[in-house]
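For the single chain, residues carry numbers from 1 onward in sequence order. Computed from a predicted model, the values in this text were never measured in an experiment.
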Amino acid sequence: MHNKPKNDTFLRALMRQPTEYTPVWMMRQAGRYLPEYNQTRARAGDFLSLCKNPDLATEVTLQPLARFPLDAAILFSDILTIPDAMGLGLYFSTGEGPKFERPLRDEWEIRNLAVPDPNVHLRYVMDAVSQIRKALNNEVPLIGFAGSPFTLACYMVEGGSSSDFSMVKTMLYQRPELLHHILDVNARAVTAYLNAQIEAGAQAIMIFDSWGGALSHAAYHEFSLPYMEQIVSGLIRERDGATIPNIVFTKGGGLWLESIAAIGSNAIGLDWTIDIGQARARVGDKVALQGNLDPNVLFSNPDTIRTEVGKVLQSYGKGNGHVFNLGHGISQFSKPENAAAMVEAVHKLSKPYH
């Protein structure tokens with residue numbers, strides 16, 4: 001039975017229901033800024049081994065919650081588990097980020113792409129979800145997540161991170177049908193993967209479109225957004241009497257909020273480049289908003305952090321439908337006490353707005 005979390009402020013905010021304060025969590029909250037995370041990661045051997053070990057993934061998911069009164073936990077995993085399960089050979093080279101041994105370069109490789117069975121090829125993720133869910137003991141909700149089809153395609157075609165996405169964009173303009181094929185397989189894979197996470201116990205879902213903002217207006221609306229819409233329309237929306245809300249986050253997507261708000265998602269994640277009050281004026285009657293403090297504010301000091309948190313809350317204004325977050329993941333160089341100051345400031349300063 002999916003019991004309601006004791007603290008369900010985050011879920012209610014996503015559904016634009018009344019809350020006593022603005023809930024907060026941080027993208028990448030289980031990460032290298034925490035000394036305890038680094039110790040567990042060292043025990044695991046490397047990042048991927050940590051992802052693939054449900055005991056250790058559970059341990060690191062809970063670490064930030066032991067330290068800060070966060071309103072949600074997020075599954076510890078990586079967006080690239082899906083292409084890895086498709087056989088592209090994910091590995092992490094020290095200091096260089098993710099890479100694939102077999103990026104998609106040839107037409108036959110692209111035609112051969114298949115949707116992995118999440119309960120077989122990604123069993124370790126489902127095991128982690130159910131184990132984390134048990135360990136949370138219904139204190140706060142658990143967020144499951146996946147990368148967007150376009151963002152996954154960027155890594156799959158480029159073979160790793162890229163500064164200009166020249167290979168994937170060359171395919172986009174020269175052989176759009178090939179990219180559409182990759183995106184279609186990815187969209188079906190992500191839908192199956194997220195629904196399996198929901199079955200395993202995830203109580204909210206987030207889609208990370210980290211690289212959608214690199215596209216032109218027209219290309220975003222052809223190669224990224226429709227595939228996220230396909231996923232959102234295929235997601236399980238209710239399980240054991242509980243609604244499973246979802247969040248779509250395109251980094252750099254502030255230009256396209258109206259289009260994003262129209263795909264049927266519950267909430268839009270915002271990066272720090274857009275004013276959240278303006279975003280609310282544009283789409284706030286359709287979706288909740290998540291964000292959007294610049295992660296670099298956490299390099300300052302507690303007083304500045306409180307001031308900056310106050311600005312975001314004031315810009316959003318009175319009422320419901322706001323989940324406080326950073327505009328991107330917390331940096332590994334942030335001090336834990338500054339993250340603590342942010343969480344405390346959100347909880348304290350947001351009460352008058354509700």
Colleague: Return yes if some donor-acceptor pair links the side-chain N/O of Y353 with the main-chain N/O of L349 below 3.5 Å, else return no.
Modeller: no
Colleague: If the threshold is 4.0 Å, N to carboxylate O, is there a salt bridge linking D78 and K52?
Modeller: no
Colleague: Could you tell me the separation between the CZ atom of F165 and the CG atom of L172, rounded to the nearest 0.5 Å?
Modeller: 12.5 Å
Colleague: Measure the spacing between CG of L179 and CD1 of I110 and express it to the nearest 0.5 Å.
Modeller: 8.5 Å
Colleague: Of R43, R67, R41, which meets salt bridge (charged side-chain N to carboxylate O under 4.0 Å, His left out) against E36?
Modeller: R67
Colleague: Could you tell me whether the side chain of Q203 and the main chain of L142 form a donor-acceptor pair under 3.5 Å?
Modeller: yes
Colleague: Can you tell me if S49 uses its side chain to pair, donor with acceptor, with the backbone of G45 under 3.5 Å?
Modeller: no
Colleague: Given salt bridge (charged side-chain N to carboxylate O under 4.0 Å, His left out), test E109 with R102 step by step and report yes or no.
Modeller: CA-CA 9 Å; E109 296 169 311; R102 295 173 289 280; over 6 Å; no
Colleague: For E337, is the CD atom crowded, meaning more than 12 foreign heavy atoms sit under 6.0 Å from it?
Modeller: yes
Colleague: Between CE of M342 and OG of S334, what distance do you get to the nearest 0.5 Å?
Modeller: 9.5 Å
Colleague: CD of Q131 to CG of L136: how many Å apart, nearest 0.5 Å?
Modeller: 11.5 Å
Colleague: Between E258 and K286, does at least one N-O distance fall below 4.0 Å, as a salt bridge requires?
Modeller: no
Colleague: Does a side-chain heavy-atom distance below 4.5 Å link D164 with S162?
Modeller: yes
Colleague: Out of curiosity, M228 CE to N246 CG, how far, rounded to the nearest 0.5 Å?
Modeller: 11.0 Å
Colleague: Would you say the side-chain atoms of R306 pair up with the backbone N or O of A345, donor to acceptor, closer than 3.5 Å?
Modeller: no
Colleague: Just to verify, what does P98 make a side chain to side chain contact (heavy atoms under 4.5 Å, CB included) with, not counting sequence neighbours?
Modeller: L80, L90, F92, Y155, S161
Colleague: Check for a donor-acceptor pair, side chain of R105 on one end and backbone N or O of V157 on the other, with a separation under 3.5 Å.
Modeller: yes
Colleague: What I'd like to find out is whether the side chain of Y91 reaches to under 4.5 Å of the side chain of L48, using heavy atoms alone.
Modeller: no
Colleague: So do Y21 and D71 actually touch side chain to side chain, heavy atoms under 4.5 Å?
Modeller: yes
Colleague: So F208 and S148, do their side chains get closer than 4.5 Å, heavy atoms only?
Modeller: no
Colleague: Between N7 and E139, is any pair of side-chain heavy atoms under 4.5 Å apart?
Modeller: no
Colleague: Sub-3.5 Å donor-acceptor pair from the side chain of T304 to the main-chain atoms of S300, do we have one?
Modeller: no
Colleague: Between T61 and I74, is there a side-chain heavy-atom distance shorter than 4.5 Å?
Modeller: no
Colleague: Ion pair present between K351 and E20, side-chain N to carboxylate O less than 4.0 angstrom?
Modeller: no
Colleague: Indicate yes or no: at least one non-hydrogen side-chain atom of I82 is less than 4.5 angstrom from one of H121.
Modeller: no
Colleague: Would you check if the side chain of D209 reaches a backbone N or O of F249 as a donor-acceptor pair within less than 3.5 Å?
Modeller: no
Colleague: Under a 3.5 Å cutoff, is there a donor and acceptor pairing between the side chains of N296 and D294?
Modeller: yes
Colleague: Answer yes when R175 and E177 have at least one side-chain N-carboxylate O distance shorter than 4.0 Å, and no when they do not.
Modeller: yes
Colleague: Are F145 and Y193, when compared by the centres of their aromatic rings, separated by less than 6.0 Å?
Modeller: no
Colleague: Main chain of S166, side chain of T170: is a donor-acceptor contact present, judged purely on distance under 3.5 Å?
Modeller: yes
Colleague: Using modelled atom types only, decide if a donor and an acceptor are shared between the side chain of D8 and the backbone of L11 within a distance under 3.5 Å.
Modeller: no
Colleague: Under 6.0 Å between ring centres, would you say that holds for W211 and F150?
Modeller: no
Colleague: Quick one: sort the Y227 and H180 rings into parallel, tilted or perpendicular, breaks at 30° and 60°.
Modeller: tilted
Colleague: What's the spacing between I207 CD1 and I231 CD1 if we round to 0.5 Å?
Modeller: 4.5 Å
Colleague: If you measure only the distance, is there a donor-acceptor pair under 3.5 Å linking the side chains of Y124 and T81?
Modeller: no
Colleague: Side chain of H354, backbone of T22: donor and acceptor closer than 3.5 Å?
Modeller: yes
Colleague: List, one per line, each side-chain donor-acceptor pair under 3.5 Å for residues 319-330, sequence neighbours excluded.
Modeller:
residue	atom	partner	partner atom	Å
H322	NE2	G291	O	2.8
N325	OD1	M27	N	3.0
N325	ND2	W25	O	3.3

Colleague: Side chains of Q63 and T40: any donor to acceptor distance under 3.5 Å?
Modeller: yes
